[in-house]
Number of protein chains: 2
Amino acid sequence: MERATEAWAIIHSLVVARRHRIPEVAAELGITPGDVFALLSLLAEEPKPMRDLAEAWRCDASNVTWQVDRLEERGFVERRSVEADRRVKQVALTPSGLEAQARVLAFMHVPPDELLNLGPELLDQLIGVLSRIDPGRQPDCRPT
Amino acid sequence: MERATEAWAIIHSLVVARRHRIPEVAAELGITPGDVFALLSLLAEEPKPMRDLAEAWRCDASNVTWQVDRLEERGFVERRSVEADRRVKQVALTPSGLEAQARVLAFMHVPPDELLNLGPELLDQLIGVLSRIDPGRQPDCRPT
DNA sequence: TATTGTTATACTCTATAACTATA
DNA sequence: TATAGTTATAGAGTATAACAATA
């Protein structure tokens, strides 16, 4: 197996084994898994037009309307009209949405025991390599 | 940020950025995303009772019936009655299911450019650390 | 009586198509 | 005419509850 594939297979399996945290954090915060996805994808980003969100989430535009409606009802986001093109509406996180997002991230970033068990030296080595990763473009997809 | 959390955050973001491969591989293989999840979760495992699958997938038992029905129609799995307890039915991958699973994994294990760009030396270091990870119990959850 | 799996049903989420308002 | 977003509607997926078979 090629080296990158080998590394990726291990990384992938780690995350696969933690997928169950999505419904858990959703239940904890009293929101739906879909809301969790959406909050994560708006992370640390500027307000985005609904059209861009549809592309990022790889879903139909009508679904963005529906999802943003739900987040807006919860007070997590707000729609902002754009003066340059009045057809466009941008979706921006509210302070409450930022807080909810932080809580989601706090959940998601709790590392699995497999990593904790590596011990400090190996973890330092791991971070040494991982920190060399060039994130490239921001993730343009719906997170898990 | 604690070391393990720091490492995990980077790992997590890598996988998040690739989530879109699930619908892609499903479309490529002519199956649904749910089928992809199911095939992945049956990976390299012994036949499992439906009840266990419900727990592993964290869904209702009726949904397991429905999902296994679909996989059985495609010829990917088969139900096997258990003599010791005739209420139980075990779900086993067929040869065709194993093949489909291999194709799914081939897709999922294509590494992201971020890893390829690390170069051979860093990748060797990365694998050196990752290979020290104790997988612990098999993932008992529905993969992504 | 309790448990495994199925069926019947309703609810949630997602997609397709038609509509509006801007461009 | 084309595009951003919405609404109406249908379809896919999931959960709840009642059921049959077995323990």
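Below, chains carry the letters A, B, ... as their sequence lines are ordered, and counting in each starts from 1. Nothing here was measured: the structure is a model prediction, and the numbers come from that model.
Atom-to-atom, CG of A/Asp60 to C1' of D/dG11 comes out at 13 Å; the value is rounded to the nearest Å. The distance from atom CG of B/Asp52 to atom C1' of C/dG5 is 13 Å, rounded to the nearest whole Å. Regarding A/Asp69, its CG atom lies at a distance of 14 Å from the C1' atom of C/dC13, rounded to whole Å. Rounded to whole Å, the distance from CG on A/Leu53 to P on D/dT3 is 19 Å. Rounded to whole Å, atom P of D/dG5 lies 12 Å from atom CD of A/Glu55. Across the protein-nucleic acid pair, A/Asn63 atom CG and D/dT7 atom P stand 14 Å apart, rounded to whole Å. Between B/Met50 atom CE and C/dT7 atom C1' the separation is 12 Å, expressed in whole Å. Across the protein-nucleic acid pair, A/Leu71 atom CG and C/dC13 atom C1' stand 14 Å apart, rounded to whole Å.
Applying the side-chain contact (heavy atoms from CB on, under 4.5 Å) test between A/Val36 and each of A/Leu40, A/Thr32, A/Leu39 identifies A/Leu40 as the sole match.
The base of C/dT12 has none of its N or O atoms less than 3.5 Å from a complementary donor or acceptor on the side chain of A/Thr32.
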Trace of the salt bridge (charged side-chain N to carboxylate O under 4.0 Å, His left out) decision for B/Asp69 with B/Arg79
CA-CA 9 Å; B/Asp69 279 351; B/Arg79 287 173 164 90; 2.9 Å; yes
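Residue B/Ser62 places its side chain closer to D/dT16 than to any other of C/dA15, D/dG13, D/dT16.
Residues from residues 73-89 of chain A with heavy atoms under 4.0 angstrom of DNA chain D, sorted by number: A/Arg79, A/Arg87, A/Val88, A/Lys89.
A salt bridge links A/Asp35 and A/Arg70; the closest N-O separation between the charged side-chain nitrogens and carboxylate oxygens is under 4.0 Å. Checked for salt-bridge contact, A/Arg80 and A/Glu78 meet the test: a charged N lies under 4.0 Å from a carboxylate O.
Inter-residue side-chain proximity for B/Phe76 and B/Leu42 is flagged as unmet; no heavy-atom pair is nearer than 4.5 Å.
Using a 4.5 Å cut-off between side-chain heavy atoms of Ile, Leu, Val, Met, Phe, Trp and Tyr, with links allowed through other members, B/Trp8 and A/Leu122 fall into the same hydrophobic cluster.
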